[in-house]
Amino acid sequence: MIQNLLDGVLTGAIVSLGAIGLTMAMHMLRFANFSYAELMAIGAYVALVFDRLFEALIPAARAAIGPLSLNWALAAALVVAMAATGLSAVAIDRLVFRRIRQRAGPLSMVFASFGVALILRNLITLIFGLKAQLYSQEIAFAVILSRDPLILIKPDQVFVLAAALALMLIFHLVLTRTTFGFALRAVAENPALAQVAGVRLSAMVAAVWMIGGALSAAAGVFYALTNHLAPTMGHNFLLPVFAATIVGGIGSVHGAVLGGFIVGIASGLALQIMPSGYVPAMPFLIILAVLLLRPHGLFGEEQA
Amino acid sequence: MSGPALTVTGLEAGYVRDLPVLRGVSLRLESGSLTAIIGPNGAGKSTLIKAVAGLVPVTAGRVLLGERDITGLRPDLMQGLGIAYVPQTDNVFRSLTIRENLALVLRRAPDRARRLAQTLAMFPPLAERPGLRAGALSGGQRQMLAMAMALAIGPSVMLLDEPSAGLSPKAAAEVLELARGLTGRGVSILLVEQNVRETLRLADHCYILAEGRNQIDGPAERLRGDPVVAEIYLGGRRVAAP
Amino acid sequence: MRPKALMLAAAALAALAGAARAQECTVKVGVVMPTSVDWGKPLAATTQWVAELINEAGGVDGCRVETILRDTQVDPKVGVDAARALVDLDKVQLLLGAVSSGVSMPILTSVAVPAGVMQMSCCSSSTRFTDLAREGGTRGLWFRTFATSNVQAALAAMAARDRGIGTVTILYKNDDWGQDIAKLVERAMAGAGVEVLGSIAITDGQPSYRAEVAEALGKGADALYLALYPKEGISVVREWISLGGTTRFIGTNSLKSDEFREAVGLKHLSEFVGTDTASPRVPSAANFVEAYKARFGTPPNGPGLANAFDAAAIALLAYHAAGRDAKGADIAAKVAMVTDPQGEKVEGTPEGLRRAIELLSQGKSVSFQGATGAVVFDRWGDVSAPGVYWTFAEDGIRELGYVPLEEVDAFVASLN
Amino acid sequence: MIGVVSYLAFFLTMAGILAIAVLGLNLQWGNTGLFNGGVVAFFGAGAYGLMILGGRPEAGQFGGFQLPFPVALAGGVLLAALIAWAVGILTLRLRHDYLAIATFGVAVAFESVTRNAEWLTGGAKGLRGFHRPLEAAIGDPFLFSLAFLAMVLAFLAAVYLGLERLVRSPYGRLLRAIREDETAARSLGKNPARLRLAAFVLGSAVMGLAGGLYASFYAFISPQDMAPILTFQIWAMLIVGGAGNNRGAILGAVLIWAAWTGSGFLLARHAPAEFQLYTGTIQYIMIGLVIVGMLMWRPQGLLPERLAISQTGGEAARRSASRDLTGRETE
Amino acid sequence: MTDGALLATRGLGRRFGALRAVDDVSIDVAAGSITGLIGPNGAGKTTLFNLLTGELRPDAGQVLLEGRDITAQPPDARFRLGLARTFQIPRPFRRMSVLENVMLAPAGQTGETIAGALLRPGRVRAEEARLRSRAMEILDFMTLAPLADHPAGQLSGGQTKLLELARVLMGDPRVILLDEPAAGVNPALTRVLIERIEALNRDGRTFLIIEHDMDFIMRHCDPIIAMAEGRVVFRGSAAAAMADQGLIDAYLGTPAR
């Protein structure tokens, strides 16, 4: 029980990272982006490429950091992946979504995002193959916190949770302490007024994609670090990330974080209440429950 | 008053293609003047002011700021040029605090802290609790914050869209008096108002629009005495009164 | 307008196919396999390899075998369409495939059986096929070289019993094969006096199997039974090991893969016992491994490769026996002649196949000794097979022991 | 030649079945503006409903009532409608994109049930044991396939004509009004929620019909048929054909299905062998590109929605003074 | 408060955040009257309309139609009960023809249900013919008949106001709420509109009209209700309103002197 809770928190941290960008993008661009979760896969695979590259170039970077399975090469690759994924998110918006925004309604965007997701997922398959891949073959062992009840925790897990929380904190500070953050919030609330207040809309849209892509990349790398890489990994997170976004309320960053943890913990505990085969439906049940009780999510506001 | 701060010539604009709301409007906003636009609902008053602010696509005509052509310029660049636009509703960011609202409009200003303090000092009710979320303000205070946000950038031209709408008569009068006072400091104000009487009392110059076109214009004093204007816009009470 | 255009297009394609036929005598064989998924591709490659071997050995009734490979995308609609095009447009009388039962079944019921085409699958394991055959729904056109999961379940139970394992927890892939085998293993374990503490479904496409693994870990069983494919297997087993779970694993043949061995790491797999239905006592199986290595450069460590080899070889030999113009039912009728235990033993080597073709041409039956040993089909097109235990080794797979058919059958009988 | 005809019959049967599902989606999306992200669930409900009602009994398995084909088919349609009704009541008041996510989730949940509820759906191994209507009576497989095609085309025609009548009737007028301005429609006494629910249920029932025909065609259904890719395929057909236009919906179904199968056919023949591992992947990318390209350059589809004005004053308007009330029908 | 009130409110209130848009409003609209609703911008007139028609839910109070509490009824139900409205900024169905706009309105059309449309084509046809003739009558009455086949999006501002009234008439309502019917309409069309309103009133229809055009209000409306800051500040005849200097100064503005 406690173990499930702990594991749920870890999954929750990853889902939260994915949901932060989605909630902002959905709020600002007013459409449900089904291709969003693919950014996680892009990030994880970019990190894989650079991890291998750095390891080959600088053998010293192969040294693991403390008790973690993360090494310096991967840590550097993570940074590169965050930037690269952010840029690809901006590029996808420029190439596809912006054009469709100008021509057709928001629901065409929803469908276009289906198509984009399909293209991205299969491009990754084409380049990297379907095989499951790993950053490191080594298995990092869990530390026993308690024997009765049995509670185990992995150093990687602690690191991922800490890193995810740190990223969220940084982002929170940016939103609440910098005028750039004010501008982001302003655009989310009222794009026209934000423009009048001197905010360049297209720059903010790009910034949202950039941030969302970077956070998603981090989520993807953290996931792959504790699990493995597969072209379908983004797709597998689709429903959880959407669930977190909706639970938190579209547009609410804090809601997305909380929603991510709720979804993660609920999935962790799902096995306690339902047969294992039905667990994949859990995020959907959460979505449904929240929409019925609070149609605008926990922190969401009614949109005009 | 030296030359126009803003010149609009033959402006056509609208939200949907092939369906212009403005069908050729021209006006001049003299430097340091308070110029009002009045007219019936649907005449295109708000659209005119939005088109000037760059929020509605312009299909024909020109907008000049002084000598400079700013037709269809991006709204954020307009703000950079010293044009402050205050929309009628939703004119503050409700999820941001008073201070954050002001910091946002000042985010490119090098001396942000100083100007923020200056602006707050102009509006004591706002300065009392700068950490309050704008969503929690009353209608009058919100309008005040919107004006403060416009003033913070030290604008040369202000575009005000019905600043008195939804306010109590007292608050409405205060807002208009505030606008009037600003012209004394060299700010040129273009104002859309429903409150014709009050507007004609305060404004220097007045344009009357109907169906997206100029109808009548002239110095406010003259229009106050114009029988046609009285008939249409001032209730025509001389006719109806027993 | 539209149908006409389509007819024209189809006619043009048919003309192209006709042109190809004119060059020499060719026998077309349809292959419907999911080449767009990782585990499908080697199966298809193996099948094509068998066709080459047969061609080198003289071909089917003197004709060159031309395999037409179609991707099923593991989508029943796409698979059926592909099979249908093969049957209707290419006039194949023999379909090899598909892999998943969920694709093989609709192909069988809506294409092969109605058209009277023989279908031989390497890898579909669902008990649905046996049911269908019992009802007469397959009209004797259906065969599979993949033994029903009974054999592996029996082997797993015997392994647990023999190693003094008192309790196990089952993790199974949540598909038809996994659900089936999980149930069979539960029954077999009970029969062997091994207690099953829990049976947990692993649904693919989940972000994390942490909860499932933690759940299994909480059961505290002596050993873990794994009915998984490599992809989920890697995720689940790595998670399990990192949490300090026991490394006493019993696994199905689906985990026989280098990918799994490498990703989990050999050092954690020293106590792994795998089950399979192959028959390595027969030299033919070893020969297959060698030949495969020679052909593809890697050992045949993917699931179902040996079965795919035998499926294609038996089907093509039966085709040969039935003659180049044979219909599906004729080919199906000759399968018994290829797998006749009384017949001369022939292997799946170039020489063996040449010998088989020769004997079959003379009307003599043969006993085909394939990659999975001597395959014998029962009335429903199912094979029973002896068992083998295996484990992971430096260079791939090492066999641990052989369980003769009689022993397996005796154990299975003891359960009833 | 008979082979070509036989394959064509097969192809058209499948395309026809898919076209029916696309018509159902067109009612929801094209005519009503409802984003159904879980088409496969309603398709599946029709299929499973048919198999459970019309199949043969099996030990430990609910269903197998061996009801006659029309009854079983109707039962499947009803099941799809019932699920749609329940889903609709819960989700139709949501924002549009929430609806897309909620229905997407419905499909995931539905697949989960088909995979796990073995007593009801046969679990992952699926349901079989259904006798195709008239198969035994006709005997010859080729004739049967033609007969089945005829039946599918008859259903397609019926659905097409029915939907066309609906769109041109006051019901269609109401749908268009609500799509254009919900507030105004409400102020005229119309209940958009009820109307949308009705359109959602009817559209889903049509998808259920397609699912029922699909299951009876294959005499087998399993969770593998419930993959989200079906939803995507049906959407692609509608987008390419032209949302809002029933003829476009049918055209889109035929074209996309032809492209999907045809590309497999051609790649199997002409792509180098080592390339073939990726044919499926490449197909997905191509379809994705077609969708995105379509939305970017021709969002209205090949056959755009005709903004048919279903009622005109006809002569009456032209000779308004005479107030001629016999304005001609414009059907 | 008269017993003859067809439409009434009791203690109606609605706030938006801190703003009390409508605050404890109790009004009566007598059957057969043309009641005028005046007040400065932001006085809560349109909010009151939205509360009357059900577009908004009140925080407090009741709406009564013929003494029956309809507070909980949604807008569509209120229309069917005989309470219809037009919008300040007209909302025609632009992509539908003028005739279709009007034919849409009647409730309970057989062809509006799926079953009716599919299964009773004969009846639908007959009903449509009847509706069409009635719609043409009304369009003729509103001088829009020549435009029947035109998309409503092509009408001028004034014509769409007429169309909205025609559309509403098709539902045969007892009370019609008009939100600034004359705003933005040229004088000729305004005259048509006024004539029609008065003719309909003679037929027994009740009107509640928001209007800024004081001339319009004073000439055609009686009684008059004035609102300011969400409250009712005056109730009485037009003559009484004119005599109330305090009202004029505070809320209606002082005429230029």
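Below, chains carry the letters A, B, ... as their sequence lines are ordered, and counting in each starts from 1. Source: prediction; values computed, not measured.
One finds the CG atom of A:Leu39 at 12.5 Å from the CE atom of A:Met82 (value rounded to the nearest 0.5 Å). Rounding to the nearest 0.5 Å places OG1 of A:Thr85 at 10.5 Å from CG of A:Leu215.
Taking B:Leu55, B:Leu77, B:Asn101 one by one and counting their heavy-atom pairs under 4.5 Å with chain A, the maximum is reached by B:Leu55. Considering only heavy-atom pairs separated by less than 4.5 Å from chain A, the leading option among B:Arg112, B:Arg108, B:Met78 is B:Arg112. For the set B:Ala150, B:Ala103, B:Ala152, B:Gly54, the entry with the most heavy-atom pairs within less than 4.5 Å of chain A is B:Ala103.
Interface remark: B:Ala53 contributes no atoms to any contact with chain A (heavy atom separation under 4.5 Å). Contacts of B:Leu104 with chain A are made by both backbone and side-chain atoms, with heavy-atom separations under 4.5 Å. Heavy atoms closer than 4.5 Å to chain A are found nowhere in B:Val86, neither backbone nor side chain.
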Let me check something: any side-chain donor-acceptor pairs from residues 108-116 of chain A under 3.5 Å, sequence neighbours excluded? List them with distances.
from: A:Ser113; atom 1: OG; to: A:Phe34; atom 2: N; distance (Å): 2.8
from: A:Ser113; atom 1: OG; to: A:Val110; atom 2: O; distance (Å): 2.5

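Within residues 199-210 of chain A, the residues having any heavy atom less than 4.5 Å from a heavy atom of chain B are, in residue-number order, A:Val199, A:Arg200, A:Met204.
Here the side chains of B:Val157 and B:Leu159 are in contact, with some heavy-atom distance below 4.5 Å.
Ring centroids of A:Phe242 and A:Tyr36 are separated by 6.0 Å or more, keeping the two rings apart.
Applying the salt bridge (charged side-chain N to carboxylate O under 4.0 Å, His left out) test between A:Asp93 and each of A:Arg101, A:Arg99, A:Arg98 identifies A:Arg101 as the sole match.
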